[in-house]
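First up is the structure itself, then whatever we jot down about it.
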Amino acid sequence: MNFTKEQVLAALSHVEEPDLKKDLVSLNMVENISCTETTISFTIILTTPACPLKKVIEDACRKAIHDYIDPGVTVEVGMTSRVTSANKTDMFPNIKNIVLVSSGKGGVGKSTVAANLALALSKKGAAVGLIDADIYGPSIPIMFELEGAKPKGTMVDGKSKILPIEKYGIKLLSIGFFSSPGQPIPWRGPMVSTAVKQLFNDADWGQLDYLIVDLPPGTGDIHITVAQTFPITGAVIVTTPQKVSLADTAKGIGMFLMDSIHIPILGIVENMAYFTPDELPDNKYYIFGKSGGKLLAQQFEIPLLEEIPLFAGITESGDQGAPIVLSDNHPGAEIFLRLAEKVAQQIAIKNAVSPTEKAQA
């Protein structure tokens, strides 16, 4: 017998998307259904190429077809993605999600997290850009071995635009590209805000799934300018387990949650969580304290996305211009790839919430 499209949709309506808590059919995630006497094939459209539950969803689809249609039919499941967007404005129609990476204080590895997160999302198949908005201490030129690099210009619809520099598959812009290496930038607030806006507005970013923004540490003009000017999807907060870092981080979270700013917090990343010597791989030494990020996440009822241990290779790779996530089979690379999946997962969940539910949140 020939199976029908209606049978397939009915069967797959029993498969729930684990994060969004709705079935695949009502979420319009099923496409390209094809049926013969022996085979049923279809495509599942995930909300991100970095989906950590891809295999779970695929297995559930196969089981549903066998349970509700025919246990002997051959099931061919194609898995692709269409990144969802929270941007409901006309600003940056080609950029689906703008994600801030922030920290309450300096020295916690915020730029390292931002760079590796951007690259990890790209390795998962997303189109990614990275803005280094840390005006006073831009580090992206060093971390990508682009010191002295100068972006070129291009014309878009009759307007002059900055062309981001591309490296390792992502698009990059930093204030460091527009000054000499080591040159101090003694700018006042209005000049800083104008410069940051130009990194967004005056660049030809093209089509992006995620634009990662490496903010300066603390809370100041740049944070307020970016948060109140652009359609931000959410923020990733970086801290260390130290009490002083946690206190400053709490203030930073509080700023994003203010009514006048109201940026969703995607989660916390605890960096330098513990140290494991190479010769004692099963040992963990909590040099800067223990579970600080976990307690902070519980306090604000937000996810603890990842605990990143102290790896010498993470710092060294950034200093050498090739962030650790580019390394094959390094445990640090695996951690950042996992972080990318969790961030993409949180973005998909946030984007699936209706405007009414957001207003009530």
Side-chain angles (χ1 to χ4, degrees), residues 47-50 80-101 111 114-115 117-135 138-141 143-181 183 185 187 190-216 221-235 263 344 347 351:
T47 55
T48 172
T80 186
S81 64
R82 188 180 300 129
V83 175
T84 57
S85 176
N87 184 7
K88 305 303 181 185
T89 71
D90 293 331
M91 186 181 291
F92 308 124
N94 296 328
I95 300 176
K96 292 184 177 179
N97 296 285
I98 300 176
V99 180
L100 310 181
V101 179
S111 294
L117 172 61
L119 288 167
L121 287 167
S122 176
K123 288 188 74 171
K124 289 289 182 178
V128 182
L130 173 60
I131 286 182
D132 183 0
D134 192 348
I135 296 293
S139 54
I140 294 304
M143 297 182 71
F144 284 80
E145 202 175 10
L146 289 170
E147 292 178 280
K150 302 296 180 186
K152 297 179 180 179
T154 186
M155 296 299 293
V156 179
D157 298 328
K159 296 180 181 178
S160 179
K161 293 280 188 178
I162 304 166
L163 202 58
I165 294 175
E166 295 194 35
K167 190 162 186 181
Y168 304 135
I170 68 174
K171 297 179 179 181
L172 302 159
L173 268 188
S174 168
I175 197 66
F177 294 154
F178 304 96
S179 60
S180 300
Q183 176 187 343
I185 306 177
W187 288 351
M191 297 173 66
V192 168
S193 296
T194 299
V196 170
K197 287 180 182 179
Q198 287 179 317
L199 294 177
F200 285 85
N201 295 325
D202 294 352
D204 180 17
W205 287 106
Q207 299 279 347
L208 293 180
D209 294 317
Y210 306 101
L211 177 59
I212 308 299
V213 183
D214 180 18
L215 291 174
D221 289 341
I222 294 176
H223 301 76
I224 296 170
T225 295
V226 171
Q228 293 185 335
T229 306
F230 304 111
I232 307 300
T233 300
I263 300 295
I347 290 171
N351 290 347

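These numbers come from a predicted model, not from an experiment.
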Apply side chain to side chain donor-acceptor pair (under 3.5 Å) to the pair T154 and D204, showing each step before the final yes or no.
-> CA-CA 8 Å; T154 186; D204 180 17; 5.0 Å; no
Carefully, step by step, assess I98 and I95 under the rule side-chain contact (heavy atoms from CB on, under 4.5 Å).
-> CA-CA 7 Å; I98 300 176; I95 300 176; 3.9 Å; yes
Run the numbers on L146 and K167 for side-chain contact (heavy atoms from CB on, under 4.5 Å), then give the verdict.
-> CA-CA 9 Å; L146 289 170; K167 190 162 186 181; 4.1 Å; yes
D209 vs V128, side-chain contact (heavy atoms from CB on, under 4.5 Å): CA-CA, chis, key distance, verdict | CA-CA 6 Å; D209 294 317; V128 182; 5.8 Å; no
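Atom CG of L208 and atom CD1 of I170 lie 10.0 Å apart (nearest 0.5 Å). I140 CD1 to L172 CG: the interatomic distance, rounded to the nearest 0.5 Å, is 7.0 Å. With rounding to the nearest 0.5 Å, the separation of OG in S122 from NZ in K171 is 11.0 Å. Put simply, CZ on F144 and OG on S139 are 9.5 Å apart, with the number rounded to the nearest 0.5 Å.
For the pair P151/L163, no side-chain contact is recorded, criterion being any heavy-atom separation below 4.5 Å from C-beta on. Looking only at side-chain heavy atoms (C-beta outward), T47 and R82 stay at 4.5 Å or farther from each other. Under the 4.5 Å side-chain criterion, counting only non-hydrogen atoms from C-beta, L199 is in contact with F178. Counting heavy atoms from C-beta outward, I162 and L173 have side chains that approach closer than 4.5 Å.
Considering all non-hydrogen atoms of both residues, A118 and I212 come closest at CB-CG1, 3.9 Å. In terms of heavy-atom proximity, I347 sits nearest to T233 at CG2-CG2, 3.9 Å. Summarising the geometry of A50 relative to L121, their closest heavy-atom pair is CB-CD2, 4.3 Å, with the distance given to 0.1 Å. Shortest non-hydrogen contact noted between I165 and A149 is CD1-CB, 3.6 Å. For the residue pair P216 and H223, the shortest heavy atom distance occurs at O-NE2, 2.9 Å. Contact between W205 and L130 at its shortest, heavy atoms only, is CH2-O, 3.9 Å.
Between the side chain of K161 and the main chain of G153, no donor-acceptor pair closer than 3.5 Å is present. In this structure, the side chain of K96 engages the main chain of V83 through a donor-acceptor pair within 3.5 Å. Of the possible polar contacts, one joining the N351 side chain to the T84 backbone as a donor-acceptor pair under 3.5 Å is found.
Below 30°, between 30° and 60°, or above 60°: for F230 and F200 the angle between ring planes is below 30°, a parallel geometry.
Under the side chain to side chain donor-acceptor pair (under 3.5 Å) test applied with S174, the options D132, D134, D214 reduce to a single match, D132. Just one residue in the list L117, L215, V213 forms a side-chain contact (heavy atoms from CB on, under 4.5 Å) with V101, and that residue is L117.
Looking at T48 and Y210, their side chains do bring a donor and an acceptor atom within 3.5 Å of each other.
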